[in-house]
Structures are given as structure tokens and as C-alpha cells.
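Step one of this worksheet: look at the structure below.
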2 protein chains.
Amino acid sequence: MQTSDNSRHEGAGPDPLALDVRKSAILNAVVTEYIGSAQPVGSQHVMDAPGVSVSSATIRADMAALERDGYLAQPHTSAGRIPTDKGYRFFVDHLGGPGALDPVGRQQVRQFFDHAHGEIEMMLEKTSGLLADLTDCTAMVVGPSHELATLRSVQLVGLGPRLALLVVVLADGAVQKQSIDLAEDVDEGRLADAARYLAAHSLGRALSQIDATLVTTGDPATDAVVSVGVDALRHLGSAEAGDQLFVGGSSHMAAAFDAVDTVRSVLTILEQQLVVVTLLRDVLDRGLSVAIGTEHGVEPLASCAVVVMPVSVDGVVTGTIGLLGPTRMNYPQALAAAQVVGNRLGQRLSESRR
Amino acid sequence: MQTSDNSRHEGAGPDPLALDVRKSAILNAVVTEYIGSAQPVGSQHVMDAPGVSVSSATIRADMAALERDGYLAQPHTSAGRIPTDKGYRFFVDHLGGPGALDPVGRQQVRQFFDHAHGEIEMMLEKTSGLLADLTDCTAMVVGPSHELATLRSVQLVGLGPRLALLVVVLADGAVQKQSIDLAEDVDEGRLADAARYLAAHSLGRALSQIDATLVTTGDPATDAVVSVGVDALRHLGSAEAGDQLFVGGSSHMAAAFDAVDTVRSVLTILEQQLVVVTLLRDVLDRGLSVAIGTEHGVEPLASCAVVVMPVSVDGVVTGTIGLLGPTRMNYPQALAAAQVVGNRLGQRLSESRR
DNA sequence: CGTTGGCACTCCATTCTACTGAGTGCTGAC
DNA sequence: GTCAGCACTCAGTAGAATGGAGTGCCAACG
């Protein structure tokens, strides 16, 4: 029954990277074809594929074997084959290769980064749009974390009688703010004093390194302001304030599925920033660059695949970009786009902090 | 043929706020029913509606008249009637009333604003989520413009040899930044000097009131920095930097339509911030609070309706909230929700600047 | 032994038909 | 002006027939 020579009987054995060269070619053909057409592909079509020069009967036998091993599935008897998640996985890992961006896309990327200007948030937002355009997927960009960036400026601005704003500038150009409720009226002079002490206490450090040590200025009223200031700084450094997410091209999800229910559930997920960020981080932490179907734990995205790519700023991974598409997305293209854009973005961010 | 006593013959005459009391009741019933069921409604169903106590035959005659006058339409012969845009318009203007939020929603709003905290952007973002939840529509929130807010702080922070960041704090708590490329290396002292002069030039004014008058400090190098600083300030005051848009609940659009194409085109529009902001502003400028179907000029949204509501901070209209749904959205509910949330949001924003 | 052409079989998709039933428009009577 | 009655229309559903793409199996071939 089993025709291949790398012996393994029926059932889905562990076969780590087995598969006959011809079976690989056939799987490759099926995946490629299906990505393009979204239609089950039959043995006839596979015959035309390069690297496969056997009759359709032989292909059928191999496809049956591939189905037994879990790489392919049949929507119903006497239909063509569709890749399973495992099939896509093999395709991504052993076939398909890295793929290259088409010249048009390459040009688009170049142009984008040549003309990219303005503040970081704007750029990340636009980057998500670019990625979405390039890949016909939904793009997710998680802004670089500011954990390691050191404080360049700390300022307290009075906004009302008992209200002030703590404004912090980090070395990477990020500006964060935190409103502060004061126990009693504080005049500008005292605010400025407090800000000076806060600065002395924190400048040059990262937000996460601010300790709660009290600074004594000699004046108890000022001390009180400094104290809430320190609290505010530590709050900014905590996880709550971090991780901006930019999602672009969510409309592509409506083009990817024809079941409107699927679209809705996917969009619902995309609206939950925390879920998305966690998902991307999880995948990355597991050392993957692609998560297919149920490989990530988010059930409503079972018919989706995620491509993730770290963004390194000055050699340190701080940001993430992700692509979300149907499991039958164009993996080589998505990987190539994510890689190129990720690199350029990292470069760009590194430059801008010199 | 025409049964009503307020004489007007066939054809879609101007009839500004005509319509027989019974015809109104029938139209009301059709719209209400259709909003709930999304199914064409027939004369039988209208019979059950309150305020209509005539036989189905009479209702049929009236519905035929309503169709002739353009308030109703038939998907095909011998189907029930569906409201046209004109029908919805009449419903919104003369029927349906303001509507009230259900107690659950009211509770939700109260709870939200009681617990709302954190920075303004976060709050606006969450407000869009709240509105979307309340109405099953997609919610759009345009942040209050900072045109009128006066400058409370101007600061220049050096980030690199020839790179600085202009950080501006406005009286309403908004923080804006703009990176500045310097022609030559500038040390911290000179930056501080320049910032001081900038502050003297601009503090207490609104961003839009910054004029290009050069400030002479006596030192040409400092003057150069001040000059780019002024440019940057004016840039921040220009339209480009304004109008943050927060969109929440776009997944509801996938539930509203069963044609996946419609969903895609609507989502595509929602991704274009400028289009959305312009749309909302347009509708508001025309003095409308509801724009139905083609009343706003955006063709891909022809099957959608928009509800807009201004947000007043200290009595001045500065922000906008909008709801986007299918033309058969629940107008009374949407209007009520928009009104309540708009008011509370305005109050909240007014408070926070005291 | 792997490969191949042939063949019977399966079953989705399409088409056609018939039928149902919700809904209409009309008409004549009250 | 309203209403009951009636003939008519037509989307939607269900069932039967058809076509065709695709499969699995097998016997034969090099």
C-alpha cells in the first residue's frame, strides 16, 4: 500500500521530516495550487506541476498516502485534496523556501521607507498599512517596547489646582504622560522643584529601573509631590502602559473568507489588543515564525495562520510584526514581506535614535 | 387612488411632512418590524401593530401609496415591503421619537464613566468600544480638537547630535511632540535657552495662534533653533497633526450584512481615517444628526447609515462621535446611546480640565 | 517492483420541475 | 372609505435527473 521507500506504515507516525522526494513535490503542488485557487486540487492538475512527471494514477496513490499520513484531506469522497494544517506546516518548513518579494512590492517598501517621516506612532501605523497592502493579509505591528530606553526628560506641568501632568521623554523619542492627582494645591514653583528632584532621581535610568526610594528635599510638601511623581513613573514603567498595537488591513479578512461568521469572529479577536499582542508574543516565544490553524491557541482563529517577525532595534528585539491570513495564505510571500519590512523598520528605528 | 385627505396626487411630489396619520403608523410599523427582523414585512404583520386597526386590504392600499411616494419598496412582486432611505428618513424625522437607553445600557454607561480613568486617548478608545457594545454598530470617536487649548509647556529635549524633540503640553492635558532636525550640533544648554524663548513666545496662546514672528535672542545659533522650533509649533497647529480617530466594534459590520463583499467595502472605508473624519464633519456641518444611505456622499456606504453627535467641552463643540450601521439600524436606540454617551463624555472632558 | 491505463464508482454541483405559501392588486359589496 | 374575497405572482424549498471531476482499485506492462 505504502509506495514510498522510506519505510513507515499507516497511521500518523512521528515521521519528523520524512516524505519521499516525489511526495514532497506533490504536496508542494497541492499547496501551491490550493493557495492560488482555493479549490480542492485533483491528481490531473498535479500532473502539470513541475517536478512531478508521473501519471495521475501514481499521483493518486501518493495522495492517498499523504492523506493517510495527515498532510492532505478530502472535503468529501471524490473531491480533490486540500492541505491540512500539518500539510501547510511541512510546506512552510521544508518546501516553498523563503520566497522573495516581487519587484513591485520591493519598490513599494523602498519608497515607503525613503519617504517615511514623522513620529514613530504614525510610522508604525502606516507600516501596518504597507504590510497589509503587500500581502493581502491583516497586518499587526507591536510598537517597540520602551523598557530599555532611558529617561531623557521628566517634567511636571500643572493643569489645574490639584491636577498635574507628568511628562516623560525617553531616549528613543517616545513621550509618555500620566496625570497626577495632588492632595492639595501646589503652585508652579513647587511643581518645578519636585520635577527637578524627580529628574535627579531618574534621569539616565530606564523606566523599569526606577525604585521607590524616597527622595527627601527637606520640604515635606514638595516631598509629597515627588512621592506621587515616583509612583506615576513606576506606573508608566509597569506593563500596563506598554505595547501599542497597530492593526492594518482588517478588510482583507473579509476577502479571505466567504463565511461572514468567520469574518466576524476574526474581527472580534482583532479588536482585543491584549489577545493579539499575547498571541504574537507567544508564537515568537515558542521560536516559531509561522503558526498555522490551531498551533496558536486561539480557537476563533482556527482557520487562520499567523506569520510573526521580530523587529530588532540596535540588535535587541523589541518590537514585533505579524500577519494574519487564512491558513491558505501565501506563506512565502508573507514571510518575505514580513522579513523585509521588519528589517527595514528595525534599521529605521535604530537610526532614529542614532 | 390616493386615499388620504391631505390632497396630493401621484408621483413623488415634494410633500414636506405630509402623510396621513394612519400611513405614518403603517410606515412606523414597517420600519420597526424590518429593523428587528431584516425581512420584508407584509400587510398581515402590520395589522398587529399598535395604532393600526384596519384590515390588511386597507393596509395594502396604503402601502401601495407609500411605495408610490417612495417611502417603501418591494424586493420583488408579491413580497412584503422594505423601507427606502426616504422611508427611514421620515421615520427618523417624524416617528420613532428620541428613544431611551434601556436600563442595562444606562447602567453600563454610568459604570463606564464612573470607572473611566487614565489618559484621554485611552478613554476615547474605550468609549468607542462602549458605544459599539451598546448599539451593535461600529462606533467612531473623533478626539476633541486642540485648536483652542492654550500652551502650558514647551520643551526641547535633545535625542541625538542633530536631533531634538519638541514636546508641547496643552491646557487640556494633551501632549504633542514633533521631532526636529537641527542643522548642526546643539548642546543641551542652547536647547534649553531656545526652549525658554519659545515658551515666552507661545505660552498661554493656542497652537493655531502661534505666528511666525522671529524671536531674536541675540545669539544667531540659538535663533536658528528657535526658528525651527516655531516652524514645528506651527506644524503641530496645522490640520495635519489633528484629529485622532478611534474606531470600535468594526466586527459588528460583519454581523450587519450577509454579503461578504459589502462587509469588505465598508471595512475598507473604515480604514481610511481621513474619509471617516471628513464624513462625520460633513454630516455635522449640514446640521444633520443622521445620514441615511446615499445622503452622505460615500458610495461604498450606500447601504449604511451614520448617526453623529457633537461632543461639547465647556460648551464648545470640539469632538464628534459617530455610529455606523446598516440602514436598517435601530435609530432610536442609536440616537439615545450617542446622545447619552456624548453628553457624559463632554462632561467628563470638561471636568478634567476644570 | 513501481508505474500505468482502464474502469467502476461516488458524490458535489447544476439544472429542471413541481409545489408551497406569503404576499400582492383588484373588485364588488357594505 | 373600508373590507372580504379572489386570482395571481414569485421567492424559496424540495425532489429528481444529469454531468463531470475525481477517486480507488486492478490487471498489465517494462
Side-chain angles (χ1 to χ4, degrees), chain A residues 1-10 19-27 29-30 33-34 37-49 51-69 71-83 258, chain B residues 1-10 19-27 29-30 33-34 37-49 51-69 71-84 258-259:
Chain A
M1 224 141 248
Q2 198 79 348
T3 57
S4 71
D5 50 355
N6 57 351
S7 60
R8 174 148 279 122
H9 308 302
E10 315 191 344
L19 282 202
D20 203 310
V21 49
R22 194 180 60 206
K23 286 216 191 72
S24 292
I26 290 174
L27 180 55
V30 172
E33 180 74 17
Y34 185 68
S37 70
Q39 297 294 330
V41 4
S43 49
Q44 295 274 7
H45 289 180
V46 176
M47 273 212 303
D48 307 339
V52 182
S53 45
V54 288
S55 77
S56 67
T58 311
I59 294 172
R60 277 200 292 280
D62 279 0
M63 296 213 304
L66 283 168
E67 179 167 4
R68 266 191 295 277
D69 291 348
Y71 294 99
L72 294 179
Q74 248 177 327
H76 55 83
T77 333
S78 91
R81 297 312 209 291
I82 282 180
D258 41 334
Chain B
M1 227 143 244
Q2 197 82 349
T3 58
S4 72
D5 50 353
N6 56 350
S7 59
R8 173 149 281 120
H9 307 301
E10 315 194 345
L19 281 203
D20 207 310
V21 48
R22 195 180 59 205
K23 286 216 192 72
S24 291
I26 291 175
L27 179 54
V30 172
E33 180 74 17
Y34 185 68
S37 70
Q39 298 294 331
V41 2
S43 49
Q44 295 274 7
H45 289 180
V46 176
M47 271 212 304
D48 307 339
V52 183
S53 46
V54 289
S55 77
S56 66
T58 309
I59 295 173
R60 277 201 292 281
D62 279 1
M63 296 212 307
L66 283 169
E67 179 167 2
R68 265 191 296 278
D69 290 348
Y71 295 99
L72 295 179
Q74 250 177 326
H76 54 83
T77 332
S78 88
R81 296 313 208 292
I82 282 180
T84 61
D258 42 332

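Because the structure is predicted, anything quoted here is derived from the model rather than measured. In what follows, every chain begins at residue 1, and chains take the letters A, B, ... in the order their sequences are listed.
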Minimum-distance nucleotide (side-chain atoms of A:Thr77 versus C:dT4, C:dG25, C:dT10): C:dT10
- request: Among the candidates D:dC10, D:dG24, C:dT4, find the nucleotide nearest to the side-chain atoms of A:Ser55.
  value: C:dT4
message: Does D:dT23 have its OP1 or OP2 closer than 4.0 Å to a side-chain nitrogen or oxygen of A:Ser43?
response: yes
field: Per A:Ala57 side chain, nearest of listed nucleotides C:dG25, C:dT4, D:dT23
entry: C:dT4
query: How long is the line joining CG of A:Asp62 and C1' of D:dG22, in whole Å?
result: 16 Å
query: Mapping B:Pro75 and B:Val54 onto DNA chain D by nearest heavy atom, which one lands closer to the 5' end?
result: B:Val54
- prompt: Between D:dG22 atom C1' and A:Ile59 atom CD1, what is the distance in whole Å?
  reply: 13 Å
- prompt: A:Met63 versus A:Val30: any side-chain heavy-atom pair under 4.5 Å?
  reply: yes
task: Measure from CD1 on B:Ile26 to C1' on D:dG1 and round the result to the nearest Å.
output: 13 Å
statement: Ranking D:dT23, C:dC12, C:dG25 by distance to the side chain of B:Arg81, first place goes to C:dG25
- prompt: Between A:Arg68 (CZ) and D:dC25 (C1'), how many Å, whole number?
  reply: 12 Å
task: Could you tell me the separation between the CG atom of B:Leu72 and the P atom of C:dG23, rounded to a whole number of Å?
output: 14 Å
field: Listed nucleotide nearest any side-chain atom of B:Gln44, set C:dG23, D:dA4, D:dT23
entry: C:dG23
- prompt: C:dT10 base to A:Ser78 side chain: any donor-acceptor pair below 3.5 Å?
  reply: yes
field: Under 3.5 Å donor-acceptor pair, A:Arg60 side-chain atoms to C:dG6 base atoms
entry: yes
query: Taking the side chain of B:His76 as its heavy atoms from C-beta onward, which of C:dG25, D:dA11, D:dA4 lies nearest to it?
result: D:dA11
From CG (B:Leu72) to CD1 (B:Ile82), nearest 0.5 Å: 9.5 Å
- request: Rounded off to whole Å, could you give me the CD-to-P distance for the B:Gln39 and D:dG12 pair?
  value: 9 Å
- prompt: Rounded to whole angstrom units, what separation is found between the CD atom of B:Gln74 and the P atom of D:dC8?
  reply: 18 Å
query: Looking only at heavy atoms, which two atoms of A:Gly80 and A:Gln74 are closest? And how far apart?
result: O-CG, 3.6 Å
statement: Picking from C:dT10, D:dG24, D:dG22, the nucleotide nearest the side-chain atoms of A:His45 would be D:dG22
- line: Rounded to whole Å, CG of B:Asp48 lies from P of C:dA22 at a distance of 14 Å
- prompt: So which heavy atom on B:Ile59 is nearest to which on B:Val54, and how close?
  reply: CG1-CG2, 3.7 Å
- prompt: Between the main-chain N or O of B:Tyr71 and the side-chain N or O of B:Asp69, is there a donor-acceptor pair closer than 3.5 Å?
  reply: no
message: Can you see if the side chain of B:Arg22 gets near the phosphate of D:dT2 - specifically, an N or O under 4.0 Å from OP1 or OP2?
response: yes
